[in-house]
Amino acid sequence: MARKSLVGLAAALGALFLMSSIAMAMGAKLMVDVGDVKKGRLQVKISASGLKAGQEVGIRTMMGGVLSDVSFLAKPSVEKADDKGMVSTTWGIRGRTIKRLLKPGDHEVMLVDGDGNTLAKAKLTIPAPKKK
């Protein structure tokens, strides 16, 4: 009888651990703020919260019909969350990239973990060029 109780307790604790891990991933929030064009680049601030401290993360979006990791294009590059479980960076998107790969309109940006699992999503709206 005591053995069954221990097995049951271990199963319950395992389930609680799994649920808390899932809740942590579901608690991640991704924010994308499109700024101004500076030096021929569209400035996009990307920030995330609700991550585990030191958690490996990346940023992905579809560019030219291909899922692309853009973590290294941002300054500072995105590799892992800080000790508060946050990430903050700016991605300077070149005009040439907008013309060829990220057309004006809505795009989805994904925050992924080290295994490529999506933690959070946000909308990135590329503005249409201003008429001269």
Side-chain angles (χ1 to χ4, degrees):
M1 182 69 173
R3 185 175 193 140
K4 282 186 177 179
S5 294
L6 285 175
V7 170
L9 178 61
L13 289 174
L16 285 173
F17 176 75
L18 179 62
M19 289 188 324
S20 68
S21 296
I22 292 170
M24 177 59 84
M26 291 174 56
K29 292 184 183 177
L30 179 64
M31 288 77 59
V32 175
D33 183 33
V34 178
D36 297 326
V37 175
K38 294 181 181 175
K39 297 182 182 178
R41 292 176 179 249
L42 178 64
Q43 300 294 310
V44 178
K45 182 173 180 164
I46 300 172
S47 55
S49 61
L51 303 166
K52 295 178 188 173
Q55 182 175 6
E56 290 185 15
V57 294
I59 301 170
R60 295 184 179 163
T61 191
M62 295 295 285
M63 289 192 348
V66 177
L67 184 61
S68 302
D69 185 339
V70 297
S71 306
F72 67 95
L73 296 172
K75 301 292 183 234
S77 62
V78 176
E79 296 173 7
K80 59 184 174 178
D82 66 14
D83 60 345
K84 295 177 182 155
M86 300 173 75
V87 171
S88 182
T89 188
T90 301
W91 178 20
I93 306 173
R94 297 183 303 192
R96 182 173 54 204
T97 300
I98 294 171
K99 287 179 186 174
R100 295 182 183 165
L101 302 174
L102 283 172
K103 304 285 185 195
D106 293 337
H107 301 272
E108 187 174 66
V109 176
M110 293 157 277
L111 180 71
V112 298
D113 65 13
D115 294 326
N117 300 310
T118 301
L119 301 173
K121 297 178 183 180
K123 182 173 74 168
L124 165 63
T125 302
I126 303 290
K130 293 181 181 178
K131 304 280 183 182
K132 292 183 179 183

Hey, is CD on E108 packed in by over 12 heavy atoms from elsewhere, all under 6.0 Å? yes

When you compare the side chain of [Y] with that of [X], does any pair of heavy atoms fall below 4.5 Å?
{"X": "D113", "Y": "Q55", "value": "yes"}
{"X": "T89", "Y": "I59", "value": "yes"}
{"X": "M31", "Y": "D33", "value": "no"}
{"X": "L42", "Y": "L102", "value": "no"}
{"X": "L73", "Y": "T97", "value": "no"}

For the student: nearest non-hydrogen atoms of [X] and [Y], plus distance:
{"X": "P104", "Y": "A128", "answer": "CB-CA, 3.8 Å"}
{"X": "Q43", "Y": "G92", "answer": "NE2-CA, 4.1 Å"}
{"X": "K103", "Y": "I126", "answer": "O-CB, 3.8 Å"}
{"X": "L67", "Y": "M110", "answer": "CD1-CE, 3.6 Å"}
{"X": "A28", "Y": "L119", "answer": "CB-O, 3.9 Å"}
{"X": "A53", "Y": "D83", "answer": "CB-O, 3.5 Å"}

Answer with yes or no whether the hydrophobic clustering places F72 together with V112; edges join I, L, V, M, F, W, Y residues whose side-chain heavy atoms lie under 4.5 Å apart. no

Treat each ILVMFWY residue as a node, draw an edge where side-chain heavy atoms are under 4.5 Å apart, and state whether I93 and V70 are in one component. yes

Between OG on residue S47 and CG on residue L30, distance to nearest 0.5 Å: 7.5 Å

Measure the spacing between OG of S68 and CE of M62 and express it to the nearest 0.5 Å. 7.5 Å

Backbone N/O of [Y] and side chain of [X]: donor-acceptor pair under 3.5 Å:
{"X": "S71", "Y": "D69", "value": "no"}
{"X": "D36", "Y": "K38", "value": "no"}
{"X": "D82", "Y": "K84", "value": "yes"}

